[in-house]
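Notes follow the structure.
Owing to the predicted nature of the structure, the values given are computational and were not obtained by experimental measurement. Chain letters run A, B, ... following the sequence lines, proteins first and then strands; every chain starts at 1.
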Protein chains: 2
Amino acid sequence: MNDLNTELSDLRLGERLRILRERAGLSQRALAKRANVTNATISLVEADKMNPSVGALRRILDGIPVSLSEFFAFEPEPEQVIFYQASDLPEIGKGKLSLKRIGNSQFGRAMTILHERYEPGADTGRVMYRHEGEEGGIVISGRIEITVGEERRILGPGDGYYFDSRKPHRFRQVGPEPCVIVSACTPPTF
Amino acid sequence: MNDLNTELSDLRLGERLRILRERAGLSQRALAKRANVTNATISLVEADKMNPSVGALRRILDGIPVSLSEFFAFEPEPEQVIFYQASDLPEIGKGKLSLKRIGNSQFGRAMTILHERYEPGADTGRVMYRHEGEEGGIVISGRIEITVGEERRILGPGDGYYFDSRKPHRFRQVGPEPCVIVSACTPPTF
DNA sequence: TCAGACTGTTAACGATCATGAACGACCTAA
DNA sequence: TTAGGTCGTTCATGATCGTTAACAGTCTGA
């Protein structure tokens with residue numbers, strides 16, 4: 001016994017489909033005909049006894065017609081994540097540069113927070129980044145050389161920076177110990 | 001050979017899922033772990049080689065996290081229906097009262113058009129309807145007795161009406177031939 | 001009362017999903 | 001170079017979907 005039932009009752013597909021279908025004045029069979037699905041399918045979905053494929057659901061909704069987006073509009077949002085557990089944060093970047101993003105990929109968020117770790121020798125490269133927005137940060141530990149446009153500076157613990165991301169920029173770790181930075185950029189970069 | 005491939009490429013689930021996943025900095029396996037799905041599932045979905053169930057897609061999206069509504073937000077709307085073929089219009093109502101709704105159940109529409117046909121003896125009943133909005137119409141053929149609040153009138157071809165739906169109202173066919181009316185009400189009643 | 005047409009539900013079965021385990025490719029460190 | 005790690009892909013199999021076909025219940029009209 002898996003949690004199919006839990007999942008189904010959680011989605012409440014059936015309830016909403018039935019409401020929309022009846023609102024349109026369609027019987028299960030009438031809708032089935034329009035949707036190129038059988039009435040049994042609609043019956044089972046409405047009874048929360050089946051977990052339809054996305055394609056099947058779309059065909060059904062097309063028969064009403066209602067878009068998938070509209071259909072799920074009343075779906076409770078996945079509760080806004082407020083707290084991020086370190087072990088859950090995916091590690092981005094490769095090699096000597098490790099990034100952990102906080103608040104990323106959340107629609108409607110104005111910025112992205114990064115927890116960056118530069119191992120000795122780490123370097124964002126000669127090809128300098130450029131993108132829309134602004135970014136800033138504070139060095140937590142270690143030392144890093146930051147180049148922004150024509151400016152170059154080496155920062156240590158407690159030091160900070162802030163610049164327009166459209167200026168070409170480059171980060172390069174210096175010294176024997178890794179450098180840790182917490183930064184933010186806006187709007188969220190991908 | 002069915003049209004599974006057509007359906008899948010039509011939905012473009014894979015493309016969007018991949019974009020969202022990568023934007024979140026997650027590998028297929030990392031996302032799979034969060035979503036309680038296997039990496040193979042994500043791989044196949046992204047390659048448009050599988051039509052996931054709604055439940056599975058939701059689990060995957062929860063791992064990003066993105067709501068179903070957001071995920072389908074960019075789905076092209078089912079092209080706004082402009083022309084309705086009579087044979088396609090579902091017939092609502094029972095017995096002597098037949099209704100055909102035009103533009104119903106379309107989110108974002110301001111009103112519903114009804115093609116009503118009252119067979120001899122048809123009557124919306126003594127329990128008079130009341131609902132939000134306004135409604136009006138024109139009699140095409142036959143004769144009908146309309147009661148709105150304290151007002152009562154018998155209308156024939158070419159006659160029209162318009163009133164606030166919150167007033168109790170009742171329609172009753174009179175005469176030997178069926179009565180056909182085209183009406184509109186706002187906002188769409190369910 | 002009966003036949004007919006409709007409603008939504010349910011059982012059995014073939015098609016498909018979702019899984020677990022393998023694969024080759026790539027990178028990193030030793 | 002090798003070993004170990006990750007990446008995304010692919011194959012075989014059990015679980016589930018979606019269909020076909022039947023079912024009982026309701027309503028209409030004869």
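- Partners of Glu151(B) according to the salt bridge (charged side-chain N to carboxylate O under 4.0 Å, His left out) rule, which considers only residues two or more places apart in sequence or in another chain, do not exist here.
- For Glu177(A), there are no side-chain hydrogen bond (donor to acceptor under 3.5 Å, both in side chains) partners two or more places apart in sequence or in a different chain.
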Under 3.5 Å, which N/O atoms of the protein pair with N/O atoms of nucleotides 4-7 of chain D?
from, atom 1, to, atom 2, distance (Å)
dC7(D), OP1, Ser27(B), OG, 2.9

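- Separating the CD1 atom of Ile60(A) from the C1' atom of dT19(D) is a distance of 13 Å, rounded to the nearest angstrom.
- Going from atom NZ of Lys33(A) over to atom C1' of dT19(D) covers 17 Å, rounded to whole Å.
- Regarding Leu17(B), its CG atom lies at a distance of 13 Å from the P atom of dA18(C), rounded to whole Å.
- Here dC17(C) presents its P atom at 21 Å from CG of Asn36(B), a figure rounded to the nearest Å.
- Side-chain N or O atoms of Asn51(A) include none that pairs as donor or acceptor with a backbone N or O of Ser53(B) at under 3.5 Å.
- With sequence neighbours excluded, no residue satisfies side-chain hydrogen bond (donor to acceptor under 3.5 Å, both in side chains) with Arg143(A).
- Taking the side-chain hydrogen bond (donor to acceptor under 3.5 Å, both in side chains) definition, one finds that Ser141(B) meets it with nothing, sequence neighbours left out.
- Rounded to an integer number of Å, the gap from Glu119(A) CD to dT28(C) P is 13 Å.
- For the pair Met50(A) CE and dT16(D) C1', the interatomic distance rounds to 10 Å; values are reported in whole Å.
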Expected list for residues 24-33 of chain B: side-chain donor-acceptor pairs under 3.5 angstrom, two or more places apart:
from, atom 1, to, atom 2, distance (Å)
Ser27(B), OG, Arg29(B), N, 3.4
Ser27(B), OG, Ala30(B), N, 3.0
Gln28(B), NE2, Glu46(B), OE1, 3.2

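- The side-chain hydrogen bond (donor to acceptor under 3.5 Å, both in side chains) check on Glu15(A) picks up Arg12(A), with sequence neighbours excluded.
- A pairwise comparison of heavy atoms in Pro120(B) and Gln173(B) identifies CA-OE1, 3.3 Å as the closest pair.
- Remark: C1' of dT7(C) and CD of Glu46(A) are 12 Å apart, rounded to the nearest angstrom.
- Look at CD on Glu22(A): it is 12 Å from P on dT7(C), rounded to the nearest Å.
- Regarding contacts with the backbone of dT16(D), every side-chain N or O of Ser53(B) stays at 4.0 angstrom or more from both OP1 and OP2.
- The phosphate of dT7(C) has neither OP1 nor OP2 within less than 4.0 Å of any side-chain N or O from Arg18(A).
- Alongside Ile154(B), the hydrophobic cluster contains Val174(B) (criterion: ILVMFWY side chains under 4.5 Å).
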Please tabulate, one pair per line, each protein N/O and nucleotide N/O from nucleotides 10-14 of chain C that are separated by under 3.5 Å, including the distance.
from, atom 1, to, atom 2, distance (Å)
dT10(C), OP2, Lys49(A), NZ, 2.5

